[in-house]
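Okay, structure first, notes after.
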Amino acid sequence: MSSANGVEASRVDLIVRGLAYLAQGFSIFDRELRLVAWNRQFLELLGFPDDLGTIGRPLADFFRFNAERGDYGAGDIEDLVKERITLASKAEPHCFERMRPNGMVLEVRGTPLPGGGFVTTYSDVTERKTWEESLQAAKQKAEEANHAKSAFLNMVTHDLRTPLTSIRSFAEILGDNPEIGAEQRQEFLGIINGECLRLVRMINDLLDFAKIEAGRMDWCIADLDAADLVKSAVTSITPMFAEKRVALELALPTHAARVVGDHDRLTQVLINLLSNALKFAPESSGRVLVSLDYGPTETRVSVADNGPGIPPEKHDEVFEEFRQVLGASGARPAGTGLGLAICRRIVDHLGGRIWVESVPPDGATFSFTVPSSP
């Protein structure tokens, strides 16, 4: 008999020690709502001091401790304790998640016991919740991207048809009416030429983006004179600024500024930023400043305009694929909306970064960096 009692005691001791090593916390309260069993994780997960972990400790003491440290928010301490004791007295099955002040998320699951009382388990589900939230955020972003892509395809289909329709219409007018005067004929040919250029720009954007996505873009990395590159880009686009009567200024360093990059791709980035600045700068009173700041490790090129600016919450969005930020009038800008996304891909590939600074209505400054030549 003594031997049997010894074996039984050994088993009980093993069970108690085993419960102490559970990853979950657990507690058992009897029908009088007094503590009869618990493990270390119960105290640690809920941040209770060791002296609360004593047999016969009333559940109200635990609620009071939580209330006093602010876990239940504002209110009279005893009222908060009484409210929770009333719920606990019902001994109903329950499962809920609770966030601790330290950010830990606990899953609390209570199960009534036959004859009264209940056992409660406490599981740290912080990692799972973080993963679920990340998954939900990724899903939402994917859905938004898919919606944006669909809208983009509809927009591109429309924008490709528009210049084609104009080209066809004016070509038919010229073909059907040989008696049209030289001046009007020249005007129509100018419209056809302009629409052709617009069509070429859109197709080039689509092709460049497709090449970058497929990793098939050709790169020619070389040591470049940054000032010459900027001046060349500015010179090529100056006539467009003159036509809209927008002032275009250039600020270059007095000393040599050499960078490492692809001449054609960096020119593409500059032309795109300048075209955007021109698009939003007010006609006749617009001003655009192009500046070059040379540093020992990176060189920064900035294009600043006095347009309506871009809201802070849209600063990242303007560089996303298939996105277009509406202008101050609410109208969608012309183009595919891929220009800045292509710029970001080019600058990233060259080891630089690109960003925008803007506080409406005080214009916007787009800047990018490229590694300086050693």
With rounding to the nearest 0.5 angstrom, report the OG1 to CG distance, Thr365 to Asn306.
10.5 Å

Are more than 12 heavy atoms from other residues, nucleotides or ligands located less than 6.0 Å from atom CD of Glu127?
no

Could you see if Trp219 belongs to whatever hydrophobic cluster contains Leu224? Use Ile, Leu, Val, Met, Phe, Trp, Tyr and a side-chain cutoff under 4.5 Å.
yes

Should the heavy atoms of other residues, nucleotides or ligands under 6.0 Å from CZ of Arg287 be counted, would the total exceed 12?
no

Looking at every non-hydrogen atom in both residues, tell me the closest pair between Ala88 and Leu33 and how far apart they are.
O-CD2, 4.3 Å

Parallel, tilted or perpendicular, judged at 30° and 60°: which one describes the rings of Phe42 and Tyr122?
tilted

Should Pro371 and Glu298 count as side-chain neighbours, where that means a heavy-atom distance under 4.5 Å?
no

Who pairs with Thr238 by side chain to side chain contact (heavy atoms under 4.5 Å, CB included), at least two apart in sequence or on another chain?
Val234, Leu248

Say whether, by atom type as modelled, one donor and one acceptor occur between the side chain of Ser236 and the main chain of Ala233 under 3.5 angstrom.
yes

Scan residues 222-248 for pairs that pass ring pair (Phe, Tyr, Trp, His ring centres under 6.0 Å), counting only residues two or more places apart or in two chains.
none

Among Leu59, Val119, Leu46, Thr120, side-chain contact (heavy atoms from CB on, under 4.5 Å) partner for Ser27
Thr120

Can Val260 be reached from Tyr294 by stepping across I, L, V, M, F, W or Y side chains whose heavy atoms are under 4.5 Å apart?
no

Does Arg128 come within less than 4.0 Å of Glu97, counting only side-chain N to carboxylate O?
yes

If hydrophobic clusters are built from ILVMFWY residues whose side chains come within less than 4.5 Å, do Leu289 and Val246 share one?
no

What do the steps show when you test Asp218 against Asp264 for side-chain contact (heavy atoms from CB on, under 4.5 Å), and what is the final call?
CA-CA 10 Å; Asp218 295 325; Asp264 290 345; over 6 Å; no

So do the side chains of Tyr72 and Glu83 get within less than 4.5 Å of each other, counting heavy atoms only?
no

Side chains of Cys220 and His263, heavy atoms from C-beta outward: is any pair under 4.5 Å?
no

Once rounded to the nearest 0.5 Å, what's the spacing between atom NZ of Lys279 and atom CG of Asn272?
7.5 Å

Flag the pair Phe368 / Leu270 as yes when at least one side-chain heavy-atom distance between them is below 4.5 Å, and no otherwise.
yes

Charged N to carboxylate O below 4.0 Å: is that the case for Arg40 and Asp50?
yes

Residues Asp348 and Arg345 bridged, charged N to O under 4.0 Å:
no

How long is the gap from CD on Glu44 to CG on Asp124, to the nearest 0.5 Å?
11.5 Å

Would a distance-only check, ignoring hydrogens and angles, find a side-chain to backbone donor-acceptor pair under 3.5 Å from Asp305 to Ala364?
yes

Count the heavy atoms of every other residue, nucleotide or ligand shown that sit under 6.0 Å from CZ of Arg216, and state whether that count exceeds 12.
no

Who are the side chain to side chain contact (heavy atoms under 4.5 Å, CB included) partners of Asp76, not counting sequence neighbours?
Glu78, Asp79

Between SG on residue Cys196 and CG on residue Leu164, distance to nearest 0.5 Å:
8.5 Å

Quick check on Lys244: does its NZ atom have over 12 non-hydrogen neighbours (other residues, nucleotides or ligands) under 6.0 Å away?
yes

Basic-acidic side-chain contact under 4.0 Å: Glu172, Arg168
yes

Taking Thr369 for its side chain and Arg353 for its backbone only, find out whether a donor-acceptor pair lies under 3.5 Å.
yes

A side-chain contact here means heavy atoms from C-beta on lying under 4.5 Å apart; do Val301 and Phe366 qualify?
no

I'd like to know if the side chain of His255 and the backbone of Pro253 have a donor-acceptor N/O pair within less than 3.5 Å.
no

Minimum side-chain heavy-atom gap His349-Met217 below 4.5 Å
no

What is the minimum heavy-atom distance between Ala171 and Ile192, and which atoms define it?
N-CD1, 3.8 Å

Roughly how far apart are Trp38 CH2 and Thr54 OG1, rounded to 0.5 Å?
6.0 Å

Nearest heavy-atom pair of Pro112 and Phe118: which atoms, and what distance?
CA-CB, 3.9 Å

Count the heavy atoms of every other residue, nucleotide or ligand shown that sit under 6.0 Å from CG of Asp316, and state whether that count exceeds 12.
no

Under the ring pair (Phe, Tyr, Trp, His ring centres under 6.0 Å) definition, can you give me all pairs with a residue in residues 167-206, not counting sequence neighbours?
Phe170-Phe188

If hydrophobic clusters are built by linking Ile, Leu, Val, Met, Phe, Trp and Tyr wherever their side-chain heavy atoms come under 4.5 Å apart, do Val105 and Leu135 end up in the same one?
no

Which other residues belong to the hydrophobic cluster containing Leu87, where Ile, Leu, Val, Met, Phe, Trp and Tyr are joined when side-chain heavy atoms lie under 4.5 Å apart, directly or via other members?
none

Starting from the C-alpha separation in whole Å, work towards a yes-or-no answer on side-chain contact (heavy atoms from CB on, under 4.5 Å) for Leu340 and Leu273.
CA-CA 8 Å; Leu340 289 175; Leu273 296 183; 3.7 Å; yes

I'd like to know if the side chain of Arg300 reaches the main chain of Ser291, judged simply by a donor and an acceptor atom lying under 3.5 Å from each other, with no hydrogens or angles considered.
no

Among side-chain atoms of Ser123 and Gln24, is any donor-acceptor pair under 3.5 angstrom?
yes

Partner of Asn66 under side chain to side chain donor-acceptor pair (under 3.5 Å), picked from Glu68, Arg69, Arg64, is Arg69

Minimum-distance pair of heavy atoms, taken over all atoms of Gly115 and Arg31
O-NH1, 3.4 Å

Non-hydrogen side-chain atoms of Trp355 and Val347 separated by less than 4.5 Å:
no

Would you please name every residue forming a side chain to side chain contact (heavy atoms under 4.5 Å, CB included) with Met240, sequence neighbours left out?
Ile237, Leu278

Going from OG1 on Thr121 to CZ on Phe26, what distance comes out if it is rounded to the nearest 0.5 angstrom?
10.5 Å

Closest non-hydrogen atom pair, Gly53 against Leu35
CA-CD2, 4.3 Å

For Arg245 and Ser284, which I'm curious about, is there any donor-acceptor pair between the side chains at under 3.5 Å?
yes

Are Ile342 and Ile221 in one and the same hydrophobic cluster, where Ile, Leu, Val, Met, Phe, Trp and Tyr link if side-chain heavy atoms are under 4.5 Å apart?
yes

Looking at every non-hydrogen atom in both residues, tell me the closest pair between Gly261 and Leu350 and how far apart they are.
CA-CD2, 4.2 Å

Beyond-backbone contact of Lys231 with Asp225, side-chain heavy atoms, under 4.5 angstrom:
no

Is the number of heavy atoms from other residues, nucleotides or ligands under 6.0 Å of Glu243 CD greater than 12?
no

Does Ser358 use its side chain to pair, donor to acceptor, with the backbone of Gly363 at less than 3.5 Å?
yes

